[in-house]
S.K.: 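Take a look at the following structure, please.
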2 protein chains.
Amino acid sequence: MDAVFHALGDATRRRMLADLANGERTVSQLAEPYAMSLAAASKHIKTLENAGLIRREVRGRTHLCRLDPGPLAQAHQWLGFYERFWTSRLDALERLLREEDAAANVTNTRDGDPR
Amino acid sequence: MDAVFHALGDATRRRMLADLANGERTVSQLAEPYAMSLAAASKHIKTLENAGLIRREVRGRTHLCRLDPGPLAQAHQWLGFYERFWTSRLDALERLLREEDAAANVTNTRDGDPR
DNA sequence: ACAATTCTCAACCAGATGGTTGACTATTAT
DNA sequence: ATAATAGTCAACCATCTGGTTGAGAATTGT
């Protein structure tokens, strides 16, 4: 999870993923849009690969990359936990109540502290 | 977006967010579970704040932190773009077709290259 | 056989990151 | 007034990050 979010925390790598959403790409194809050396782009690709976000198929001298959506799904699910904080008015009410609770607790004891 | 994903790419900060999902917390309360100095935890909190993930209300000498779900929603939405890659069988079929397309294109011209 | 293409690797560099400690400000309690 | 509490700030340090260049490996084209 660390590796996934870290990989996503770079615009270049996010654009590479977006590119891969349109189909397989070789390393050079992925690198082409960027004003950096091939070696630098290759490092980005390796970062994505280490995070499990892409898989690589070596075909002769070219490396074909494809998206692996698994970790993206995990990250999406992780963020989904917080969905209740931004969605409905009903949740806004719940949040309000919960926060009043929390405020009451904060002035006395921490949540979960033994009495 | 860079800042958001970067902030999420650290387990300590993710745990702090999870803590804040249960209600407001002061800086010391957020820092308490971790084996690091208060100053170090304070830096993490500032990182979260700079990413817009939390807001801070200074109340006397204590700083009360609350979750701001906005950026989380954005990140969730960004990931949602890739939902079709991991969800239904129907999408799996679409993906297959799209990838055959892509494969055909790759052997000839890049997507979007002028003819 | 030779040359060109694709890509990785290693060494190097500047700057960011995550941690420390010590000093400091501001508020609250005695 | 003094002391304790909550928190930041600045300096410092080791390590990671994102880029470079140069060399080399592996495959493909002539």
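Just so we're on the same page: letters track the sequence lines, and every chain starts at 1. Predicted, not measured: the structure shown is a model, and the values here were computed from it. Excluded from the calculations below are hydrogen atoms, water molecules and symmetry mates; all remaining heavy atoms, backbone and side chain alike, are included.
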S.K.: Once you round it to whole Å, what is the distance between P of C:dT5 and CD of A:Q29?
M.R.: 16 Å
S.K.: What is the distance from CZ of A:F5 to P of D:dT17, rounded to the nearest Å?
M.R.: 17 Å
S.K.: Who are the salt bridge (Lys or Arg N to Asp or Glu O under 4.0 Å) partners of A:R55, not counting sequence neighbours?
M.R.: A:D68
S.K.: For the pair made of CD in A:E32 and P in C:dT5, what is the distance, rounded to whole Å?
M.R.: 16 Å
S.K.: Under the rule for side chain to side chain contact (heavy atoms under 4.5 Å, CB included), what residues qualify as partners of A:A40, not counting sequence neighbours?
M.R.: A:M36, A:S37
S.K.: Starting at atom CZ of B:R25, determine the distance to atom C1' of D:dA6, rounded to an integer number of angstrom.
M.R.: 17 Å
S.K.: Atom CG of A:L64 to atom P of C:dT6: distance rounded to whole Å?
M.R.: 13 Å
S.K.: Check whether any side-chain N or O of A:H63 sits under 4.0 Å from OP1 or OP2 of C:dT6, and answer yes or no.
M.R.: no
S.K.: Which residues pass the side chain to side chain contact (heavy atoms under 4.5 Å, CB included) test with B:F81, not counting sequence neighbours?
M.R.: A:A21, B:R84
S.K.: When the side chains of residues 1-9 of chain B are checked against the rest of the protein, which donor-acceptor pairs come out under 3.5 Å, sequence neighbours left out?
M.R.:
{"from": "B:D2", "atom 1": "OD1", "to": "A:R14", "atom 2": "NH1", "distance (Å)": "3.2"}
{"from": "B:D2", "atom 1": "OD1", "to": "A:R14", "atom 2": "NH2", "distance (Å)": "2.6"}

S.K.: Go along nucleotides 15-27 of chain C 5' to 3' and tag each nucleotide: B for a protein heavy atom under 4.0 Å from its base, S when only backbone or sugar atoms are that close, - otherwise.
M.R.: --SSBBB-----B
S.K.: A side-chain contact here means heavy atoms from C-beta on lying under 4.5 Å apart; do A:L67 and A:L53 qualify?
M.R.: no
S.K.: Can you name the residues that form a side chain to side chain donor-acceptor pair (under 3.5 Å) with B:E49, not counting sequence neighbours?
M.R.: B:R56
